[in-house]
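Letters A, B, ... are given to chains in the order of the sequence lines, protein chains preceding strands, and every chain is numbered from 1. Just so it is clear, the values below take in all heavy atoms, side chains as well, and ignore hydrogens, waters and symmetry mates.
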4 protein chains.
Amino acid sequence: MKLRDENKTDQIFKATLKLVKENGLSGITMQSVAKEAKIATGTLYIYFKNKESIITSLFDHCVKNSATIFFQHYDVSAPFKVGFHTIWSNIVQHRISRFEESIFIEQCFHSPYIDEETKTTLKKMFEPLLELLNRGKEQHIIKNIDSFWLTSFMIGTINEIAKRVTYFNKRLTKEVLDLNFQMCWDGIKA
Amino acid sequence: MKLRDENKTDQIFKATLKLVKENGLSGITMQSVAKEAKIATGTLYIYFKNKESIITSLFDHCVKNSATIFFQHYDVSAPFKVGFHTIWSNIVQHRISRFEESIFIEQCFHSPYIDEETKTTLKKMFEPLLELLNRGKEQHIIKNIDSFWLTSFMIGTINEIAKRVTYFNKRLTKEVLDLNFQMCWDGIKA
Amino acid sequence: MKLRDENKTDQIFKATLKLVKENGLSGITMQSVAKEAKIATGTLYIYFKNKESIITSLFDHCVKNSATIFFQHYDVSAPFKVGFHTIWSNIVQHRISRFEESIFIEQCFHSPYIDEETKTTLKKMFEPLLELLNRGKEQHIIKNIDSFWLTSFMIGTINEIAKRVTYFNKRLTKEVLDLNFQMCWDGIKA
Amino acid sequence: MKLRDENKTDQIFKATLKLVKENGLSGITMQSVAKEAKIATGTLYIYFKNKESIITSLFDHCVKNSATIFFQHYDVSAPFKVGFHTIWSNIVQHRISRFEESIFIEQCFHSPYIDEETKTTLKKMFEPLLELLNRGKEQHIIKNIDSFWLTSFMIGTINEIAKRVTYFNKRLTKEVLDLNFQMCWDGIKA
DNA sequence: GATGAATGAGCCTTCATTCAT
DNA sequence: TATGAATGAAGGCTCATTCAT
């Protein structure tokens with residue numbers, strides 16, 4: 001008996017991300033996903049119930065994935081600025097190296113595929129960052145602003161960096177990284 | 001004989017924006033656009049050659065529109081910070097009040113509808129801002145960083161503000177606005 | 001504006017009946033129905049919501065149709081045997097001239113298309129016959145048997161006549177008709 | 001090495017009959033047959049060449065089966081009425097106890113699976129009955145009508161009895177049986 | 001110009017059949 | 001032999017576009 005090839009799921013995810021990047025969510029067809037993943041269309045339905053399922057599963061996969069990357073090497077006991085820099089770098093690296101995932105998630109947000117519930121659970125994955133920011137405020141290192149706006153500021157700058165690096169083919173040298181971190185840091189510091 | 005009703009173009013644009021916000025680019029069909037615009041499907045083809053034409057025309061319309069709004073009330077001869085604040089406020093206001101347009105443009109970027117050429121012409125509309133930033137740098141008011149990254153920083157924060165105001169139904173009080181401008185300003189100032 | 005062509009429904013019904021006769025319910029595809037009805041597949045969906053709708057609508061159409069035919073020229077005040085003969089003849093004629101409909105209804109019975117409710121409402125259309133049979137029993141003209149079995153007997157013989165006439169290409173002469181009616185009559189008469 | 005398990009053919013036949021009863025010929029898929037028969041889809045192709053083969057084999061199986069049942073306990077030398085009653089009872093019992101087979105055969109008749117040739121060979125299995133009827137006519141016990149219509153009459157009533165017993169969940173008591181036989185007998189007797 | 005019925009290519013999905021294990 | 005994953009042709013249905021009114 002031929003066993004279910006578990007890394008087919010990955011092929012399908014990769015194919016989907018690539019196609020969404022190139023043509024948007026509207027551009028993906030089961031046919032094109034299958035072709036890109038080098039399998040038959042029917043095979044897609046062995047691994048996923050339907051098109052929606054591919055998209056929502058991939059969405060979940062991306063979200064879970066990023067959550068772990070965002071906080072890798074992050075040491076809660078390290079000084080505020082060190083911790084903040086770690087997370088900031090992680091997110092920047094993630095957004096750029098997995099830019100396709102960001103596009104995919106963004107496109108999903110305004111699609112019928114992702115429901116309200118899923119959207120709100122997304123917020124939870126930033127909790128460690130929120131705790132860090134609270135510490136920074138207590139220690140009067142950063143501005144005493146609602147963390148909602150602090151994270152908005154931080155994420156906004158990062159997203160745009162990722163976009164520009166990708167769209168304009170910029171190399172993200174250490175210098176550029178430092179520059180951008182500096183602006184972000186100056187923006188939030190007390 | 002009734003003249004080509006210029007009002008209808010607007011209805012079509014509005015319908016398209018609404019539908020893209022609700023269902024993404026993938027979600028719009030000529031039928032749904034017609035229904036939302038309260039006209040017949042055939043009528044769409046009197047005003048636009050085809051579906052692609054609706055999307056690219058709307059894209060152009062949005063871009064041109066924002067270009068004028070971004071720099072309204074902007075006085076080239078005013079002090080740097082005043083000018084910067086004017087533009088910053090304009091963009092924030094625009095992004096929020098016409099959030100649907102932002103979503104639309106974002107979705108278009110990763111669709112087969114917008115070609116590379118169109119994307120690059122987008123950059124041109126920020127030229128007055130670039131000139132202002134150059135002045136700021138000359139006057140040592142802001143950091144001496146490539147304007148590419150300065151605008152990235154500025155636009156990134158604004159985009160995220162708009163998203164959050166919309167998605168989380170936040171009211172944008174003067175206080176919140178000031179807060180956010182302060183962060184942006186601290187980030188870029190020398 | 002092109003108006004909805006109301007006799008397209010009929011074309012679709014006719015095409016469906018023909019195809020079900022030739023290939024069974026399993027054999028009909030939307031493509032084949034459209035082709036037989038000489039319209040495009042998409043057009044089917046203007047007149048019917050989906051395949052199921054074609055089938056259930058046709059089912060209803062057939063049932064309603066037969067109900068009127070079964071009792072045409074039937075005079076409630078006529079003598080029992082005359083009335084019974086009228087109805088018997090009507091049903092025979094109907095089953096033969098519209099044999100396709102009979103096949104269709106029979107096939108529907110064992111398909112996922114027709115629900116239990118629909119099946120039971122079918123019984124109602126025989127009520128005038130039931131009343132006639134009651135009169136016959138009261139007048140001691142026919143056997144005093146539950147009408148359920150009397151109608152079973154009557155309908156059973158008729159169905160088989162129709163099948164045989166059709167499958168074996170028999171001509172239904174007056175003689176053959178009389179012969180068959182005689183057997184039916186002898187079977188139920190007291 | 002395990003031998004070709006003849007039992008599996010039966011499982012497949014049973015599964016097919018059940019599914020045809022529930023969903024019609026259109027409703028059966030190789031997947032559903034395999035599942036119902038509790039085997040793998042691939043296994044179906046060890047026992048049968050393809051889907052058509054399952055259906056035609058089952059058709060043959062049903063026909064052969066009924067042929068033997070129809071004439072069991074039938075004594076050619078018994079008086080006419082006794083012989084006729086035996087056959088009549090056998091067919092009734094068969095039609096009811098194996099109602100699924102009747103549905104299956106009926107559905108096959110209007111499907112692409114059964115060819116004209118197969119249909120006509122069906123007639124042959126009634127030959128002993130035809131001989132009996134000839135005897136009945138010679139002995140002036142029954143009407144001198146073409147046996148084609150005599151069998152039509154007999155089979156028609158039986159089929160309808162079977163349908164009604166099944167669809168309306170009627171219990172077939174000795175009384176009901178006698179009643180129905182009486183009608184049939186009165187119908188054909190001279 | 002305006003309408004919406006009509007069209008048919010193309011999408012999602014199913015399913016008969018094959019094949020590797 | 002038995003399994004069920006894999007295949008891809010074909011079915012139901014949608015939708016961009018055309019056309020008759």
Side-chain angles (χ1 to χ4, degrees), chain A residues 1-6 8 26-35 37-54, chain B residues 1-5 8 26-35 37-55, chain C residues 1-6 8 26-35 37-54, chain D residues 1-5 8 26-35 37-55:
Chain A
M1 193 191 69
K2 204 185 273 174
L3 275 177
R4 216 152 143 146
D5 182 354
E6 272 319 324
K8 279 225 168 62
S26 41
I28 67 165
T29 67
M30 295 302 266
Q31 230 95 43
S32 67
V33 171
K35 198 178 170 188
K38 286 177 178 141
I39 56 177
T41 48
T43 310
L44 289 174
Y45 291 85
I46 293 169
Y47 294 87
F48 296 95
K49 194 173 160 270
N50 51 26
K51 188 178 178 180
E52 180 177 354
S53 171
I54 293 183
Chain B
M1 195 189 74
K2 226 168 131 194
L3 276 175
R4 217 152 172 288
D5 183 354
K8 284 225 168 63
S26 39
I28 67 165
T29 67
M30 296 302 267
Q31 245 101 57
S32 67
V33 170
K35 199 179 170 189
K38 288 183 174 127
I39 57 175
T41 48
T43 311
L44 288 175
Y45 290 85
I46 293 167
Y47 292 87
F48 297 95
K49 193 176 156 259
N50 52 25
K51 188 177 178 181
E52 181 176 353
S53 169
I54 293 183
I55 290 169
Chain C
M1 193 192 72
K2 203 185 276 175
L3 275 177
R4 215 153 142 146
D5 182 353
E6 273 316 324
K8 278 225 169 63
S26 41
I28 67 166
T29 67
M30 295 304 266
Q31 229 95 40
S32 67
V33 171
K35 198 178 171 190
K38 289 182 173 131
I39 56 177
T41 48
T43 311
L44 289 175
Y45 292 85
I46 294 169
Y47 293 88
F48 296 94
K49 197 175 157 269
N50 51 26
K51 188 178 177 180
E52 180 176 355
S53 171
I54 293 183
Chain D
M1 197 188 73
K2 225 170 133 195
L3 277 177
R4 217 155 171 283
D5 183 353
K8 283 225 168 65
S26 40
I28 67 166
T29 66
M30 295 301 267
Q31 246 101 54
S32 67
V33 170
K35 199 178 170 191
K38 290 183 172 128
I39 56 176
T41 49
T43 311
L44 288 175
Y45 289 84
I46 293 166
Y47 292 87
F48 297 95
K49 191 174 160 263
N50 52 26
K51 189 180 178 179
E52 183 178 351
S53 168
I54 293 183
I55 289 169

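- In this structure, D/G27 and D/S32 approach most closely via the heavy-atom pair O-OG, 4.2 Å.
- The CD1 atom of C/I39 sits 11 Å away from the P atom of E/dG8 (whole-angstrom rounding).
- To the nearest angstrom, P of E/dC11 lies 15 Å from CD1 of A/I54.
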Worksheet item: What string of B, S and - do you get for nucleotides 13-19 of chain E, 5' to 3', when a contact is any protein heavy atom under 4.0 Å?
Response: BBBSBB-
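- At a threshold of 4.0 angstrom between heavy atoms, the contacts of A/K8 are confined to the sugar-phosphate backbone, with no base atom among them.
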Discussion item. Can you give me the dot-bracket string for DNA chain E, 5' to 3', counting Watson-Crick and G-U wobble pairs with both distances under 3.5 Å, using [ ] for crossing pairs and | for partners on another strand?
Written reply: .||||||||||||||||||||
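- The nearest whole Å value for the distance from the CZ atom in A/F48 to the P atom in F/dA6 is 12 Å.
- The distance from the OH atom of A/Y47 to the OG atom of A/S53 is 14.0 Å, given to the nearest 0.5 Å.
- For the atom pair NZ (C/K51) and CD1 (C/I54), the distance works out to 9.0 Å, reported to the nearest 0.5 Å.
- We find that NZ of C/K35 is positioned 18 Å from C1' of F/dG12, with the value rounded to whole Å.
- For the atom pair CG of B/L44 and CD of B/Q31, the computed distance is 9.0 Å after rounding to the nearest 0.5 Å.
- Across all their heavy atoms, D/N50 and D/M30 have their closest contact at C-CE, 4.2 Å.
- Using a 4.0 Å heavy-atom distance criterion, A/Y47 is classed as a sugar-phosphate-only contact.
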